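Values below: all heavy atoms of this structure, side chains included; hydrogens, waters and symmetry mates excluded. Below, read A as the first sequence line, B as the second, and so on, with proteins coming before strands; counting in each chain starts at 1. Quantities reported herein were computed from a predicted structural model and do not represent experimental measurements.
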There are 2 protein chains.
Amino acid sequence: MVRRTGRRPGNQDTRQSILHAARAVFAERGYDKASIRAIAGAAEVDPALVHHYFGTKDKLFLASMNMPIDPSKLLPEALAGPRESAGVRLVGLVLRIWDSPAGAAALAVFRSALSNEWTARLMREFVVTQVLRRAVTELSLDPAEAPIRSALTATQIAGLLFVRYVLRIEPVASMPAEALTRAVGPSVQHYLTGDLPQL
Amino acid sequence: MVRRTGRRPGNQDTRQSILHAARAVFAERGYDKASIRAIAGAAEVDPALVHHYFGTKDKLFLASMNMPIDPSKLLPEALAGPRESAGVRLVGLVLRIWDSPAGAAALAVFRSALSNEWTARLMREFVVTQVLRRAVTELSLDPAEAPIRSALTATQIAGLLFVRYVLRIEPVASMPAEALTRAVGPSVQHYLTGDLPQL
DNA sequence: TGTTGATTTCAACGCTAGATGAATTTCTCG
DNA sequence: CGAGAAATTCATCTAGCGTTGAAATCAACA
């Protein structure tokens with residue numbers, strides 16, 4: 001048994017404070033404009049401490065995005081049930097996530113995806129492998145049509161998030177999630193299981 | 001007639017080169033990551049010259065976005081015709097603009113809209129006052145329903161642009177515009193003139 | 001108490017950014 | 001030509017960034 005002397009790990013509140021501050025600042029400003037100094041300031045901590053705990057800014061970003069949402073648990077839950085209402089349930093799930101406190105992390109990735117190339121790649125891979133591909137198998141779509149159906153679905157959902165949370169165009173910005181779900185769900189439903197025009 | 005002595009204005013090539021370079025770099029990198037130095041480099045010009053002609057970076061951005069597209073001429077053209085196919089024509093117009101060389105300027109605003117707050121406001125005001133409001137009157141929508149209809153339309157179109165030109169998710173990224181128009185047009189049409197669920 | 005090692009701070013490096021003002025070149029006209 | 005104004009360049013300022021390494025602080029153990 002290795003008897004370690006010296007100060008025991010103790011105060012890891014600060015590590016958590018930094019993570020919380022990082023999520024908030026990344027969500028508000030996006031990856032590039034969120035400075036380590038600003039995050040440290042929000043956590044009332046010295047900037048160097050951030051590096052001491054997380055190394056680089058990249059790693060901090062990944063660490064702060066890591067915990068929040070697990071689509072492998074949420075998606076099947078939303079997609080299970082009648083195929084005819086999967087679109088509505090999917091939109092509802094997305095809005096519920098984004099409106100929740102955990103949605104800050106998702107918004108951070110979204111905001112960062114335009115200004116920064118590697119966060120865009122991060123988001124693209126996440127969307128494609130964790131969301132779309134999963135939805136495809138869950139709904140047992142025709143493999144030939146699956147890519148186009150999921151990409152079209154992505155257009156409607158991405159646009160919804162863009163207008164509601166980034167551009168904040170009214171009345172979409174402050175509508176209750178339920179009403180928005182009823183309005184947008186059918187379009188998604190159509191992309192998932194409706195007739196496709198000849199391409 | 002005022003006869004000014006000294007060197008006549010002459011070489012305005014450089015001013016134009018700077019504008020061209022600015023549009024290209026802004027479109028590729030977005031407002032924040034497009035540096036004056038990079039723009040000057042692309043125009044093969046000293047960075048200070050850019051300031052000499054345009055003052056600040058803000059003004060350069062506005063100047064380079066100024067000429068390209070005039071929605072007051074294009075929109076009526078696209079919206080005129082049967083109401084039942086206005087959605088398809090609108091999507092077709094948008095894709096034609098973005099695929100054209102002039103679309104670089106539009107893409108610049110779009111890319112910049114997430115990373116920078118005042119460019120987002122710029123885009124929001126442009127979209128609301130120049131596009132949506134115009135479309136509303138052109139289609140003579142019910143004033144009570146107009147805001148929600150145009151905002152929903154914005155979600156679908158913004159998402160389409162986001163997935164096709166920013167995230168570049170296949171197959172939407174490289175589909176011919178016509179096929180995409182056929183796939184997405186009906187959704188837009190539904191938002192413009194279809195039945196709205198109770199809100 | 002004094003050693004130890006984790007926690008936290010301090011000061012600084014190297015870099016890039018937008019912006020400025022003086023200096024220099026280049027052209028046109030009297 | 002040479003004066004004068006525009007076009008263009010040069011050196012530089014200030015500010016912020018991520019990052020680093022050494023120093024200081026602190027709590028638990030021997």
Rounding to a whole Å, what distance do you find between [X]:[atom1] and [N]:[atom2]?
{"X": "B/Asp46", "N": "D/dA6", "atom1": "CG", "atom2": "P", "result": "19 Å"}
{"X": "B/Asp13", "N": "C/dT26", "atom1": "CG", "atom2": "C1'", "result": "15 Å"}
{"X": "A/Phe54", "N": "D/dG18", "atom1": "CZ", "atom2": "P", "result": "15 Å"}
{"X": "A/His51", "N": "D/dC17", "atom1": "NE2", "atom2": "C1'", "result": "10 Å"}
{"X": "B/Asp32", "N": "C/dA17", "atom1": "CG", "atom2": "P", "result": "12 Å"}
{"X": "A/Phe61", "N": "D/dT19", "atom1": "CZ", "atom2": "C1'", "result": "19 Å"}
{"X": "A/Arg15", "N": "C/dT8", "atom1": "CZ", "atom2": "C1'", "result": "15 Å"}
{"X": "B/His52", "N": "C/dT26", "atom1": "NE2", "atom2": "C1'", "result": "14 Å"}

Would you kindly confirm whether B/Val91 and B/Leu141 end up in one hydrophobic cluster when ILVMFWY residues are joined by side chain heavy atoms under 4.5 Å apart?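 Yes; tracing contacts between hydrophobic side chains, which count when under 4.5 Å, links both residues.
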Looking across every strand, which nucleic acid part, if any, lies under 4.0 Å from A/Ala40 by heavy atom: base, sugar-phosphate, or nothing?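 Answer is nothing: A/Ala40 stays at 4.0 Å or more from every strand.
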Would you mind classifying the nucleic acid contact of A/Leu49 as base, sugar-phosphate or nothing, using non-hydrogen atoms under 4.0 angstrom?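 The residue A/Leu49 makes base contact.
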Using only heavy-atom distances, decide whether a donor-acceptor pair under 3.5 angstrom links the side-chain of B/Arg37 to the base of C/dG18.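 Counting by modelled atom types and ignoring angles, a donor-acceptor contact under 3.5 Å is found here.
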Within the distance-only criterion (no hydrogens, no angle test), does the side chain of A/Lys57 pair as donor or acceptor with the backbone N or O of A/Tyr31 below 3.5 angstrom?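 Yes.
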Between A/Pro176 and A/Arg182, is there a side-chain heavy-atom distance shorter than 4.5 Å?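 Contact flag for A/Arg182/A/Pro176 side chains = no.
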I want to check something: taking the side chain as every heavy atom from C-beta on, are B/Leu95 and B/Leu180 in contact at a cut-off of under 4.5 Å?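 Result yes, sub-4.5 Å side-chain heavy-atom pair found.
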Want to settle it: does A/Ala38 or A/Ala48 sit nearer the 5' end of DNA chain D, counting the closest nucleotide to each?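 On the 5' side of the pair lies A/Ala38.
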Are B/Thr155 and A/Gln156 linked by a side-chain donor-acceptor pair shorter than 3.5 Å?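 Distance-only check passes for B/Thr155 and A/Gln156.
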Side-chain N or O of A/Thr14 closer than 4.0 Å to phosphate OP1/OP2 of C/dT7: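 It does not, given that no N or O in the side chain of A/Thr14 lies less than 4.0 Å from OP1 or OP2 of C/dT7.
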May I ask you to evaluate whether A/Tyr53 reaches the phosphate of C/dA6, defined as a side-chain N or O under 4.0 Å from OP1 or OP2?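 So the side chain of A/Tyr53 is outside the cut-off, no N or O lying under 4.0 Å from OP1 or OP2 of C/dA6.
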